Amino acid sequence: MSISHSDSVCPPMISSAPPRVPPTVAVIFGATGDLTHRKIIPAFYHLAKNNLLPEDFAIIGFARRPKSDDEFRQDLGEALQKFSHTQPVDDAVWKKLAAHIYYFQGELDDPEAYKSLAEKLKKLPESPKIGENYLFYLATSPNFFGTCAQNLAAAGLASKPGTRHRLIVEKPFGEDLKSAEELNRTLQSAFAEKDIFRIDHYLGKETVQNLIYFRFANAIYEPLWNRRYIDHVQITVAEQVGVEGRGGYYDHAGAARDMLQNHLFQLFTLTAMEPPASLDAESIRDEKVKVLRSIPTPSSDFLQKNVVRAQYGGGYIGGKGIPAYRQEEKVAHDSLTETFIAAQLEIDNWRWSGVPFYLRTGKALAAQFTEINIVFKRPPSVLFAASGDDRLRRNSLRIRIQPNEGISINFNAKVPSKAEAELVEMDFLYKSGFAHYLPEAYERLLVDALIGESTLFTRSDEVEQAWRLVDSIRDMWTKQSVRDLPLYACGSMGPVESDMLLERGGRHWIRPKEICK
Ligand SMILES: NC(=O)c1ccc[n+]([C@@H]2O[C@H](COP(=O)([O-])OP(=O)(O)OC[C@H]3O[C@@H](n4cnc5c(N)ncnc54)[C@H](OP(=O)(O)O)[C@@H]3O)[C@@H](O)[C@H]2O)c1
């Protein structure tokens with residue numbers, strides 16, 4: 001296959017020129033935490049390595065425990081060795097970046113700390129050349145998001161004309177519609193919406209961005225992308241791990257809030273949206289929101305029939321023992337938190353009316369993978385019925401978001417020397433199709449936030465529409481008053497009820513390659 005490449009490592013969605021990141025001070029709140037170590041610092045390192053950071057750049061880490069700048073740099077260096085996705089770490093690049101990293105000790109709920117931070121920002125050796133260009137990254141527990149934004153505003157660090165003061169907010173964004181609306185109001189009282197970057201790291205994945213190219217840069221698929229030709233769509237985000245020590249957080253969240261509201265809905269809206277007027281942020285985000293708005297709040301009756309929840313029982317995956325969910329650390333022994341959800345949604349618009357979208361996600365499943373399957377209507381079998389082959393199988397498109405990123409098409413072909421058809425696969429693999437460096441999601445997202453490009457971040461109305469739907473499911477569960485949830489075996493693909501959701505329409509979940517092997 002011949003492919004022409006752009007030179008850029010991490011291009012913005014619509015330009016092939018490398019992005020020009022302006023001189024900036026990035027302030028990471030929660031800088032001694034897991035996310036900073038695991039994702040944020042490795043992402044900054046890779047941007048530096050790929051010459052995507054400007055000469056005038058600095059990072060301040062804000063956290064509670066006492067630490068000198070050198071101790072902080074040392075900790076981050078060790079984390080980088082552990083978590084960098086390219087090895088070995090380039091020592092010269094890291095040393096150069098680390099020389100511009102500083103530590104600030106403060107309490108997130110102490111307004112005075114932000115005033116001292118504002119002073120420190122003015123006095124950094126890099127500040128005269130950088131000016132007031134700040135990127136504030138809230139890598140803290142979500143209950144500090146609002147406080148932090150308000151304290152930044154009180155210290156004169158929120159959005160103001162003539163400056164670039166931007167705010168990145170991690171997930172989870174609220175825990176229901178009401179709290180998300182409140183958080184939006186608080187953030188917007190300090191920062192302009194264009195300066196708020198709500199992270200869903202799925203949008204930073206190349207394969208997710210490719211959905212837009214795949215759908216709208218090809219003439220062969222888009223004409224088929226509607227209810228006339230598509231029978232149904234399946235979207236799966238499967239995790240092989242259990243809650244792994246995060247029981248305290250997870251038991252409050254559950255699969256609907258932790259995964260459906262954000263990652264699954266991102267894949268869903270990009271798959272179902274109409275062609276945007278242009279590739280600018282607002283046009284794309286308008287179309288994504290329209291998909292969610294085209295789903296009227298489902299009734300409890302509809303949801304009872306079309307949503308399945310379950311918990312994992314104990315078992316083994318790959319020889320490793322996993323306790324039953326209720327036996328996990330910090331999980332209530334009578335917990336009704338779902339670790340698996342499958343839902344059938346229907347979009348009430350001209351393109352999709354009558355086409356079921358099946359979304360599922362779960363923990364402790366047979367394999368770790370994310371994929372979208374577009375399943376087409378069965379072709380008429382009239383020509384082949386005489387030879388007994390009267391049930392031609394449906395064509396499908398498998399879009400693999402991770403791992404083995406790529407796309408495959410399944411179609412019927414004649415079996416040699418036989419008068420029958422068999423489904424065969426034509427496969428495109430990202431890593432063999434493109435010899436490019438594939439940036440990690442956080443690299444792409446950081447660059448976009450630094451240049452003020454919002455396409456890959458979730459807008460306030462999108463977050464709220466997603467919560468509206470998730471709230472309707474959770475309200476229905478509250479009314480159900482059950483004492484136990486269905487269990488599924490660790491290492492399976494969820495409970496039998498999830499299979500039945502599709503079987504009643506004569507369908508089945510398409511097995512991922514990971515478990516076909
Ligand atoms: N970890 C991940 O892979 C991941 C993935 C996706 C999203 N997230 C989200 O990212 C955020 C951070 O997660 P995390 O896993 O990094 O959490 P974490 O490991 O618990 O780190 C929390 C950070 O916040 C600081 N902190 C806590 N209370 C503080 C206070 N009162 N004043 C000042 N600093 C305070 C801690 O500093 P001290 O320890 O010095 O007190 C630490 O640096 C959360 O919203 C999480 O949902 C995390």
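In listed order, ligands and their atoms are each counted from 1. Because the structure is a prediction, the values reported are computed rather than measured. Start at 1 with the first residue, then count along the sequence.
At a cut-off of 3.5 Å, with distance as the only test, no side-chain donor of Q344 or R360 sits close to an acceptor on the other residue. Side chains of K288 and Q266: a donor-acceptor N/O pair is present below 3.5 angstrom, by distance only. Using modelled atom types, one finds no donor on one side chain facing an acceptor on the other under 3.5 Å when comparing Y312 with S492. Side-chain polar atoms of Y102 and E126 form a donor-acceptor pair below 3.5 angstrom. Looking only at atom types and distance, the side chain of R185 has no donor-acceptor partner in the side chain of Q188 under 3.5 Å away. Counted by atom type alone, Y249 and D258 present one or more donor-acceptor pairs between their side chains at under 3.5 Å.
Atom 1 (N) of ligand 1 has as its closest protein heavy atom D34 OD2, 2.8 Å. Atom 23 (C) of ligand 1 has G30 CA, 3.5 Å as its closest protein atom, hydrogens excluded (heavy atom only). Looking only at protein heavy atoms, the nearest one to atom 46 (C) of ligand 1 is K171 O, 3.7 Å. Summary of contacts: the protein heavy atom closest to atom 39 (O) of ligand 1 is R65 NH2, 2.5 Å. Of the protein's non-hydrogen atoms, G33 CA, 4.3 Å is the one closest to atom 22 (C) of ligand 1. In terms of protein heavy-atom proximity, atom 42 (C) of ligand 1 is nearest to T32 OG1, 3.4 Å.
Within ligand 1, the atoms closer than 4.0 Å to a non-hydrogen atom of G106 are 32 (N), 33 (C), numbered from 1 in the order shown. Less than 4.0 angstrom separates some heavy atom of P172 from each of these atoms of ligand 1: 47 (O). Annotation for ligand 1: atoms under 4.0 Å from non-hydrogen atoms of F144 are 28 (N), 31 (N).
When heavy-atom distances to ligand 1 are checked against a 4.0 Å cut-off, T140 comes that close only through its backbone atoms N, CA, C and O. Residue contacts with ligand 1 for F29 are absent, since no atom lies close enough (heavy atoms, distance under 4.0 Å). Contacts between E170 and ligand 1, counted as non-hydrogen atom pairs separated by less than 4.0 Å, involve the side chain only.
Distances between N or O atoms of A139 and those of ligand 1 include no value under 3.5 Å.
For R215, the CZ atom is densely surrounded, since the number of other residues' heavy atoms within 6.0 Å is greater than 12.
The side-chain tip of K171 does not point at the ring of F173 from less than 6.0 angstrom away and within 45° of straight on.
No option in E193, E462, E170 other than E193 meets the salt bridge (Lys or Arg N to Asp or Glu O under 4.0 Å) test with R198.
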